[in-house]
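Down below is the structure, laid out as structure tokens.
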There are 2 protein chains.
Amino acid sequence: MFELDVRSRKPIYEQLIDNIKELIVTRVLQPDEKLPSVRHVSKELTINPNTIQKAYRELERQGFVYSASRKGYFVAPIDWISNQGKLEEMKEQFQPLLKEAIYMGLTKKELIRWFEEAEKEGGEAGDSGPESDQNI
Amino acid sequence: MFELDVRSRKPIYEQLIDNIKELIVTRVLQPDEKLPSVRHVSKELTINPNTIQKAYRELERQGFVYSASRKGYFVAPIDWISNQGKLEEMKEQFQPLLKEAIYMGLTKKELIRWFEEAEKEGGEAGDSGPESDQNI
DNA sequence: AATTCTGTATTAATAAAAATAATACAGATG
DNA sequence: CATCTGTATTATTTTTATTAATACAGAATT
């Protein structure tokens, strides 16, 4: 079901996250559909159950799936997933702050540094590399 | 000159940074005043020269000091610092917002787009300032 | 009720990254 | 030339992140 690249430097739980996000966003996995169980994936990929759990938990935290205790993990409803509108709202919040900061000398470079810092401390898992433009 | 707290879990180069910033902002260290040399501090605090250098470099990156190659490090001009201080404040404002946005799927790419948009509409900025990273 | 599925919590082992140190180099200065 | 300065490279140590081992407990199925 999922694919891993063993020679990638990206942690496998992150690979799982990206992998599953992709399947959800492309509707290969439908809302309320059950994800393969932690142990099932564990056996299939011969990795530890906790690694899958970590991925599932992170996906839950990000709102892509929900868990029904002791029943399994399920794909979240559409409206949960499409935060797109909220991102646009966010942008409106950012704009005035950004303008002021730019006025004070904020550079693109520095802003990127802030981004990476926030990324590291807080939420997201993605590597956000040169090409992965993971919109949801 | 500087004080370290050995039982703090904060890395000593960070302690140095905070320490020096404080001295600069409170005008104990005047603009264009020379900082004690890497080795001098090294001996005084019995830590490795490179640790101080790391602190100094970071201070340079943040615009609090500048380095004259092979002459030493010097406190930056006032206007640099005051701007930089405000930028640091700004960063604190940005961080929670950024984390939330990242959580919602904001990508680096998109953030840059926002930056460029804000740049275009309002803020008179241009680069300049202490962005000069690796000058030799 | 027993077997087998499910998630979850705790702890330990391992891998990766950050922080610091050791050492050597090179220009500037007097 | 002797000594100051910063800098670069590499290694060591410490810390954190990642993965694994193991055991527990509820739910479903038989």
Side-chain angles (χ1 to χ4, degrees), chain A residues 1-2 4-20 32-61 64-76 113 116-117 119-127, chain B residues 1-2 4-20 32-61 65-76 132-136:
Chain A
M1 180 129 200
F2 306 133
L4 292 183
D5 176 6
V6 281
R7 83 207 134 121
S8 167
R9 268 73 57 205
K10 185 184 283 188
I12 67 188
Y13 83 94
E14 279 193 23
Q15 291 188 47
L16 283 174
I17 288 172
D18 292 349
N19 219 316
I20 296 168
D32 293 315
E33 185 175 342
K34 189 177 179 307
L35 293 179
S37 88
V38 164
R39 281 146 209 260
H40 185 261
V41 181
S42 167
K43 278 172 191 159
E44 188 170 314
L45 303 181
T46 48
I47 55 182
N48 193 280
N50 287 348
T51 303
I52 296 106
Q53 199 198 335
K54 184 168 188 179
Y56 280 8
R57 284 250 240 170
E58 178 62 18
L59 284 167
E60 184 181 26
R61 199 189 68 72
F64 284 86
V65 308
Y66 62 92
S67 80
S69 196
R70 267 128 206 165
K71 291 193 172 178
Y73 281 88
F74 302 85
V75 176
R113 235 181 297 257
E116 284 163 350
E117 197 170 310
E119 192 177 33
K120 195 165 139 194
E121 290 182 29
E124 189 71 9
D127 159 60
Chain B
M1 182 127 200
F2 307 134
L4 292 183
D5 177 6
V6 282
R7 83 209 134 119
S8 167
R9 268 73 58 205
K10 185 186 284 187
I12 67 188
Y13 85 93
E14 278 191 25
Q15 290 188 47
L16 283 173
I17 288 172
D18 293 349
N19 220 314
I20 295 167
D32 293 316
E33 186 176 342
K34 188 176 179 307
L35 293 179
S37 87
V38 164
R39 279 143 209 258
H40 185 260
V41 182
S42 166
K43 277 172 193 160
E44 189 170 313
L45 302 180
T46 47
I47 54 182
N48 192 280
N50 285 348
T51 304
I52 297 108
Q53 198 198 336
K54 185 168 186 178
Y56 279 9
R57 285 249 240 171
E58 178 61 19
L59 284 167
E60 184 181 25
R61 196 191 70 72
V65 309
Y66 61 91
S67 81
S69 196
R70 268 127 207 167
K71 290 193 174 179
Y73 281 87
F74 301 85
V75 176
S132 59
D133 257 46
Q134 312 271 64
N135 290 353
I136 307 287

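All values below come from the heavy atoms of this structure, side chains included, with hydrogens, waters and symmetry mates left out. Here is how names work: the chains are called A, B, and so on, in the same order as the sequence lines, proteins then strands, and each is numbered from 1.
With rounding to whole Å, I12(A) atom CD1 is found 14 Å from dA16(C) atom C1'. Atom CD in Q15(B) sits about 16 Å away from atom C1' in dA18(C), given to the nearest Å. Here the C1' atom of nucleotide dT6(C) and the CG atom of L35(A) are 13 Å apart, to the nearest Å. Atom CZ of R39(B) and atom P of dA24(C) are 13 Å apart (whole Å). In this structure, L4(B) atom CG and dA19(C) atom P are separated by 15 Å, rounded to whole Å. Rounded to a whole Å, the CD1 atom of I17(B) is 15 Å from the P atom of dA18(C). Rounded to whole angstrom, the span from the CG atom of N48(B) across to the P atom of dA24(C) amounts to 13 Å. Between the OH atom of Y13(B) and the C1' atom of dT15(D) there is a distance of 12 Å, rounded to whole Å.
In this model, the phosphate group of dA18(C) is not approached by any side-chain N or O of R9(B) to a distance below 4.0 Å at OP1 or OP2. Listed pair T51(B) / dA21(C) meets the phosphate criterion, a side-chain N or O lying under 4.0 Å from OP1 or OP2. Contact between the side-chain N/O atoms of Y73(B) and the OP1/OP2 oxygens of dT7(D) is found at a separation under 4.0 Å. For Q53(A) and dT8(C), the shortest distance from a side-chain N or O to OP1 or OP2 is below 4.0 Å.
Salt bridge annotation for R61(A)-E58(A): present, with a cationic side-chain nitrogen under 4.0 angstrom from a carboxylate oxygen. Ion pairing between K10(B) and D18(B) holds under the 4.0 Å rule for side-chain N and carboxylate O.
When each of dT7(D), dA9(C), dA27(D) is scored by its nearest atom to the side-chain atoms of V38(B), the top-ranked nucleotide is dT7(D). Comparing dA20(D), dA27(D), dT8(C) by their closest approach to the side chain of K71(A) singles out dA27(D). For K54(A), the side-chain atoms get nearest to dT19(D) when compared with the rest of dT19(D), dA21(C), dA23(D).
Interatomic distance, CD1 of I47(B) versus CG of L16(B), reported as 5.0 Å (0.5 Å rounding).
The base of dT18(D) has none of its N or O atoms less than 3.5 Å from a complementary donor or acceptor on the side chain of N50(A).
Residue S37(B) is classed as a sugar-phosphate contact, given heavy-atom separations below 4.0 Å to backbone atoms only.
Residues forming a ring-ring contact (aromatic ring centres under 6.0 Å, His included) with Y66(B) (at least two apart in sequence, or on another chain): F74(B).
Checking side-chain atoms of R70(B) against main-chain N and O of A68(B) turns up no donor-acceptor pair under 3.5 Å.
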